[in-house]
Amino acid sequence: MIGPAAIFRQLFEPVSSTYTYLIACPETREAALVDPVMPAWQRDLQVVNELGLNLVMTIDTHIHADHITSASMLRREVGSRIATPALDALSCTDVPMEDGVPLQVGGVRIDPMHTPGHTDNHFALVMNDRVFTGDALLIDGCGRTDFQNGDARKLYESVRGRLFGLPGETLVYPAHDYQGRCVSSIAQEKQRNPRLGAERTLEDFIELMENLNLPYPKFIDYAVPGNKACGQCPPDLPEHLRQYCQEMAESPQG
Ligand SMILES: [Fe+2]
């Protein structure tokens with residue numbers, strides 16, 4: 001248990017509505033960023049520096065389709081190591097994440113939990129009293145399952161079979177929220193998540209996910225190859241997508 005002294009910040013990137021999490025050890029001053037986003041890399045480093053921390057690792061929960069990770073940029077700037085799911089077998093990875101093999105950030109232990117369904121190799125990250133659920137479990141929602149080998153059956157099992165097995169008081173910190181909500185709990189999601197909570201059956205869930213009729217993700221064709229390279233912005237981005245790679249104008253902190 002790292003207790004209340006662990007350093008923690010929730011940061012927000014508005015272009016893709018992504019939450020990036022800063023986790024740090026108060027003793028060694030080592031820090032990690034979970035799901036850092038390209039346009040916010042300077043803001044994120046500024047927060048790290050203001051807190052007197054050293055960024056030693058970035059962790060991507062999965063290969064994102066809606067933004068480009070700043071993992072490579074941060075490695076180039078400060079030498080942080082890049083953790084991604086081992087199953088993705090990315091050649092740019094320094095730390096291949098495996099289920100049951102903890103990551104250590106100074107005295108802070110982070111336990112990767114394989115939670116496929118949104119993508120086949122998606123991971124959640126458990127850190128003491130909280131879980132970073134990536135796009136598997138969102139507040140009152142879940143990630144889509146229609147791309148990147150997504151599978152509603154697997155997502156149901158990941159959420160109800162694994163994440164809902166955590167203690168009810170565990171805090172749920174998702175990778176996205178589109179309505180300004182910051183945090184939930186396992187108990188709350190079990191009780192009232194409209195897609196996966198309460199008595200929702202597997203058959204119900206599969207049918208629901210098959211009939212969402214979501215639009216084709218507008219950035220996926222650039223984001224997925226960019227993220228398979230741990231965060232490379234393509235040179236040929238059309239004008240209307242350039243905000244995904246340009247530095248944030250403001251410095252909002254979620
Ligand atoms: Fe995603």
Side-chain angles (χ1 to χ4, degrees), residues 10-21 33-41 58-72 82-90 92-93 97 99 112-125 131-159 162-163 172-179 181 184 189 193 195-196 205 208-210 212-234 241 243-245 254:
Q10 183 178 36
L11 303 158
F12 186 67
E13 191 284 313
V15 175
S16 58
S17 296
T18 299
Y19 282 125
T20 294
Y21 297 100
L33 285 169
V34 176
D35 289 334
V37 186
M38 188 61 91
W41 73 268
T58 59
I59 308 169
D60 276 286
T61 53
H62 63 293
I63 295 175
H64 307 279
D66 63 343
H67 69 264
I68 288 186
T69 174
S70 62
S72 281
I82 297 175
T84 66
L87 290 163
D88 285 325
L90 303 182
C92 51
T93 295
M97 250 193 311
D99 192 280
M113 181 191 278
H114 187 214
T115 43
H118 169 61
T119 70
D120 47 1
N121 299 332
H122 181 285
F123 271 82
L125 304 165
V131 58
F132 306 100
T133 53
D135 287 3
L137 176 63
L138 305 178
I139 299 172
D140 287 345
C142 66
R144 61 197 291 174
T145 54
D146 49 351
F147 289 101
Q148 297 180 280
N149 299 317
D151 183 328
R153 182 180 295 272
K154 285 185 182 164
L155 186 60
Y156 185 91
E157 175 55 28
S158 291
V159 172
R162 296 207 76 183
L163 292 170
V172 169
Y173 284 100
H176 299 286
D177 194 87
Y178 305 95
Q179 295 172 49
R181 296 165 298 193
S184 178
E189 294 312 314
N193 187 298
R195 290 192 183 172
L196 285 151
F205 180 65
L208 185 153
M209 295 307 283
E210 277 174 358
L212 287 178
N213 297 317
L214 296 168
Y216 187 76
K218 61 181 174 181
F219 193 47
I220 188 170
D221 294 331
Y222 299 95
V224 168
N227 287 323
K228 284 184 174 172
C230 294
Q232 300 299 329
C233 277
L241 296 176
Q243 57 181 337
Y244 286 93
C245 282

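We count ligands from 1, going down the list as the structure has it; atoms in each ligand are counted the same way.
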Can you find a side-chain donor-acceptor pair between His122 and Asp135 that sits under 3.5 Å?
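Side-chain D/A pair, His122 to Asp135: absent.
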Using 30° and 60° as the class limits, which term best fits the ring planes of Phe205 and Tyr156: parallel, tilted or perpendicular?
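Aromatic pair Phe205/Tyr156 classed tilted.
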For Phe147 and Tyr216, take the angle between the two ring planes, folded into 0 to 90°, and tell me which bin it lands in: parallel under 30, tilted 30 to 60, perpendicular over 60.
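Correct class here is perpendicular.
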Distance check below 2.8 Å: does His64 bring an N, O or S atom to the Fe ion (ligand 1)?
no
Chi angles and distances behind the salt bridge (charged side-chain N to carboxylate O under 4.0 Å, His left out) call for Arg162, Asp99
CA-CA 12 Å; Arg162 296 207 76 183; Asp99 192 280; 2.7 Å; yes
Shortest-distance N/O/S atom, Asp135 versus the Fe ion (ligand 1):
OD2
Which single N/O/S atom of His62 lies at minimum distance from the Fe ion (ligand 1)?
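Of all N, O or S atoms in His62, the Fe ion (ligand 1) lies closest to NE2.
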